[in-house]
2 protein chains.
Amino acid sequence: MLSTMATSTGTPLSEQSILATLEDSGDTTGATAVRLMMAAADAFADRGFHATTTRDIASRAGLSPAGVYVHFTSKEDLLFELSRRGHQTARDQLVAAAAAADSPTEALRSLIAGFSRWHAEHHQLGRIVQYEFRHLTPQHRDTVLALRKEIDAVVRDVLVRGVAEGEFEVDDVPATALALLSLAVDVARWYSPEIRRTPADIARTNGELAVRLVARR
Amino acid sequence: MLSTMATSTGTPLSEQSILATLEDSGDTTGATAVRLMMAAADAFADRGFHATTTRDIASRAGLSPAGVYVHFTSKEDLLFELSRRGHQTARDQLVAAAAAADSPTEALRSLIAGFSRWHAEHHQLGRIVQYEFRHLTPQHRDTVLALRKEIDAVVRDVLVRGVAEGEFEVDDVPATALALLSLAVDVARWYSPEIRRTPADIARTNGELAVRLVARR
DNA sequence: GTCTATATTTGGATAGAC
DNA sequence: GTCTATCCAAATATAGAC
């Protein structure tokens, strides 16, 4: 597989490369399927899953309404693929950022900066990941829930390490981990490409705020 | 008008009393309309605006499908009333919390604690306020946007005062205000009545984290 | 793999009796 | 102000030709 994994400082993945992410066991995601996923990501992020019609997705991808069903079994299946691939790349990025740092403080800064940046640069996918979640079937929701737990664990682990090494002072680790994730996740809610701050600005300020939230005083 | 305004320490408003909130110029919100709003709040928070049917709302309120239209002109009108009343009580609570404190530090703690608590106790209304926003008509969206700007201003004002009085050290006031709001707003996304932490717990920890985020070091 | 045409269901909203 | 009955538009998904 190509070395397309983004680090918190590297060039970000394009939407297309995220969606084309290969399956574990080699794969075959065709160009048209990727185009459909990009069209659906646009539409779902903009209007929400249930307000988006399959006709809308098809026409944005340059297909007839029936064209969708050659590549996906249902509209929900399209949401699932977006959600799964989105969660996977988000998690991969977090894990890479945590592994690359050489102190808990730098790991946390890199983690929250990178996750904030991801939610800005991929705010469409970010919204789908964070807010369209509930429209998955129970089975698909379970699959994605496992990825969400991995993401939570990465943040909690850094906090525990920072406390153990005396860099952090944290009263309640799970509560603080959730607050840190809120900082980054909520970017998907308010970010728009038109605002003053760039994704890099947001990454820098949120990374700083994250460190400030836990640093020993 | 009755003195039902909640402070960050007082007894919280019931869902019913929030939704029955009187209009500026005296009012007439009937009991059935309130029941419909509560049913719609349940459904919209649970499944989202577009996934909720008017039939579902009606039956939850014990009415026939046609019964809705005696009290509201459309499904969107019901969303608007929920959104408007929700924003108003959220704003009122913030303004009261800010006014009651006698230092910027206490004002900020009270503000974020109260807002976090509101999003936990009224997490259904909170989700509607924060996430169903985009499904309003452009006109209704504008009305609600004005309330949102007031909310943002309250937080920014406290930060500016705290910096001026030497209690806070803040690099970027708008960015930090947004981060503080993220902390509280995101509660609506993850809160569930089944979790370990109570709304009071969440208020206390988030209030502390907020102060820590800006306090002079 | 893509199209046109369409089956079928669902859902917002209204008519008109009581 | 609530009901039953219903209209009609919209939307998911399929059939079958090319």
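Residue numbers start from 1 in every chain, and the chains themselves are labelled A, B, ... in the order their sequence lines are given, proteins ahead of strands. Fair warning: this is a prediction, and the values are worked out from it, not measured in the lab.
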Legend entry - Leading and trailing nucleotides of DNA chain C with any atom under 4.0 Å from heavy atoms of chain A: dG1(C) to dT6(C)
Which donor-acceptor pairs under 3.5 Å do side chains of residues 44-56 of chain B form with protein atoms, sequence neighbours excluded?
unit_1: Thr52(B); atom_1: OG1; unit_2: Ala43(B); atom_2: O; d: 3.3
unit_1: Thr52(B); atom_1: OG1; unit_2: Gly48(B); atom_2: O; d: 2.7
unit_1: Thr53(B); atom_1: OG1; unit_2: Asp56(B); atom_2: N; d: 2.9

Legend entry - Any residue of residues 67-80 of chain B with a heavy atom less than 4.0 Å from an atom of DNA chain C: Tyr69(B), Ser74(B), Lys75(B)
Legend entry - Any side-chain donor near an acceptor of the partner, Glu150(A) and His87(A), under 3.5 Å: no
Inset, instruction - Applying ring-ring contact (aromatic ring centres under 6.0 Å, His included), name anything that partners Phe72(B), two or more places apart in sequence or on another chain. - result: none
Inset, instruction - Could you pull out all residues at least two apart from Ser14(A) that satisfy side chain to side chain donor-acceptor pair (under 3.5 Å)? - result: Ser17(A)
Inset, instruction - State whether a side-chain donor-acceptor pair under 3.5 Å links Arg197(B) with Thr205(B). - result: yes
Legend entry - Glu15(A) and His122(A): side chain donor to acceptor below 3.5 Å: yes
Legend entry - Arg127(A) side chain to Ala188(A) backbone, donor-acceptor under 3.5 Å: yes
Inset, instruction - Calculate, to the nearest 0.5 Å, the distance between atoms CD1 and CD belonging to Ile151(B) and Gln88(B) respectively. - result: 10.0 Å
Legend entry - Any side-chain donor near an acceptor of the partner, Glu76(A) and His135(A), under 3.5 Å: no
Inset, instruction - Apply salt bridge (charged side-chain N to carboxylate O under 4.0 Å, His left out) to Asp77(B) and Arg84(B), showing your working. - result: CA-CA 10 Å; Asp77(B) 184 39; Arg84(B) 191 174 61 79; over 6 Å; no
Legend entry - Residue-level proximity of residues 34-49 of chain B to DNA chain D when a heavy atom falls under 4.0 Å: none
Legend entry - side chain to side chain donor-acceptor pair (under 3.5 Å) partners of Glu208(A), counting only residues at least two apart: Arg109(A)
Inset, instruction - Would you please say whether a donor-acceptor pair under 3.5 Å links the side chains of Thr176(B) and Arg156(B)? - result: no
Legend entry - For Arg204(A), side chain to side chain donor-acceptor pair (under 3.5 Å) partners two or more places apart: Asp201(A)
Legend entry - Partner residues of Asn206(B) under the side chain to side chain donor-acceptor pair (under 3.5 Å) criterion, sequence neighbours left out: Ser116(B)
Legend entry - Results of salt bridge (Lys or Arg N to Asp or Glu O under 4.0 Å) for Arg141(A) - residues two or more places apart only: none
Inset, instruction - Tell me which residues in residues 133-141 of chain B put a heavy atom below 4.0 Å from DNA chain D, sorted by number, or none. - result: none
Polar atoms only, N or O, under 3.5 Å: list the protein pairs with nucleotides 5-10 of chain D and their distances.
none

